[in-house]
Amino acid sequence: MAIAAAAVRRFPTAPPPPQSPPGTSRVHLQRRRVSRVRRPLAAAAAAVPSPRTVSSPEDAERRKHELLRAVQETRRGFAAGPDQRAAIEEAIVSVEELHAGEGAPLDLAALDGTWRLCYTSASDVLVLFEAAERLPLLQVGQIYQKFECKDQSDGGIVRNVVRWSIENLLEEQEGATLNVSAKFAVMSNRNIFLQFEEVAVENIKISEQVQALIAPAILPRSFLSLQILQFLKTFRAQVPVSGPER
């Protein structure tokens, strides 16, 4: 599974949405627009093709807002029922019809940037929410995908990021970051090829309670306590990935 610690970028009011690759699982990320990624946090994605025709800017915005409204109250897809998923699928198709250009190349410049997860039906993502539901101390915060391909013509790097925490041990929601990076290459106008490189845990932020145990505020901080706090602040554990390519 692949899984951003970058700020969501600002874009014009009505940029075109990325076209989706084929697949059974869907993820929707928001950067003032909606995109689809075939296998989120561990898989392929498609960029926005040059649009052929859009009935009107107002119609395009209406369809996008309808899709965003459809995914609200679904807890990023975890709480969506069959009827909700069917309605969301219809809204997705409605947005995709705005840019139905089969022969259009992938627009990597449009894909470049940081995308926030709004909705998914992918089991490899939903399992994170299920784990948080069953383990009361585990918290799953924001989930992002960061594509670095603005000046590329045939590929780039994608970093899938999950912000998570453990109650009372780390700061709420964003106590730590799980980062999975991969190289990707454009295979067709709808698909990319992924080669995973590394899984890392970083950006550890311990809670105030833990900091107080390590270095009580009422006592002078010793050299050892300062070293421990500094170590935790800069800690990063990474593991190279040599799994199957996709």
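Computed from a prediction, not measured in an experiment: that's the story for all the values here.
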Mind checking side chain to side chain contact (heavy atoms under 4.5 Å, CB included) for [X] and listing every partner two or more places apart, or none if nothing turns up?
{"X": "E58", "answer": "S56"}
{"X": "L232", "answer": "I206, I214, I228"}
{"X": "R62", "answer": "D59, E66"}

Residues in side chain to side chain donor-acceptor pair (under 3.5 Å) with [X], at least two apart?
{"X": "R76", "value": "none"}
{"X": "S153", "value": "none"}
{"X": "T74", "value": "none"}

Under the side chain to side chain donor-acceptor pair (under 3.5 Å) rule, what pairs show up with a residue in residues 134-143, not counting sequence neighbours?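 Listed once each, the pairs are E130-R134.
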Residues R85 and T120: closest non-hydrogen pair is NH1-O, 3.5 Å
Kindly give the heavy-atom pair with the smallest separation between S207 and N168, and that separation in Å.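 Distance-wise, the nearest heavy atoms are OG-O, 2.7 Å.
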How far does [atom1] of [X] sit from [atom2] of [Y], to the nearest 0.5 angstrom?
{"X": "L224", "Y": "F231", "atom1": "CG", "atom2": "CZ", "result": "12.5 Å"}
{"X": "F235", "Y": "N203", "atom1": "CZ", "atom2": "CG", "result": "11.5 Å"}
{"X": "L67", "Y": "E90", "atom1": "CG", "atom2": "CD", "result": "12.0 Å"}
{"X": "I192", "Y": "L111", "atom1": "CD1", "atom2": "CG", "result": "7.0 Å"}
{"X": "S121", "Y": "E89", "atom1": "OG", "atom2": "CD", "result": "6.0 Å"}

Pairs in or reaching into residues 164-187: which pass ring pair (Phe, Tyr, Trp, His ring centres under 6.0 Å), with residues at least two apart or in two chains?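 Of all non-adjacent pairs touching residues 164-187, those that pass ring pair (Phe, Tyr, Trp, His ring centres under 6.0 Å) are F147-F184.
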Could you tell me if the side chain of [Y] sits less than 4.5 Å from the side chain of [X], heavy atoms only?
{"X": "T234", "Y": "Q230", "value": "yes"}
{"X": "K146", "Y": "V158", "value": "no"}
{"X": "V162", "Y": "V140", "value": "yes"}

Salt bridge (Lys or Arg N to Asp or Glu O under 4.0 Å) contacts in which one or both residues fall within residues 230-240, not counting sequence neighbours: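 Sorted result for residues 230-240: E198-R236, E202-R236.
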Sequence neighbours excluded and cut-off under 3.5 Å, please list the side-chain donor-acceptor pairs for residues 169-176, or say none.
| unit_1 | atom_1 | unit_2 | atom_2 | d |
| --- | --- | --- | --- | --- |
| E174 | OE2 | R163 | NH1 | 3.4 |

Pairing residues for K183 by the salt bridge (charged side-chain N to carboxylate O under 4.0 Å, His left out) criterion, not counting sequence neighbours: E197
Using salt bridge (charged side-chain N to carboxylate O under 4.0 Å, His left out) as the criterion, list what pairs up with R75, not counting sequence neighbours. E133
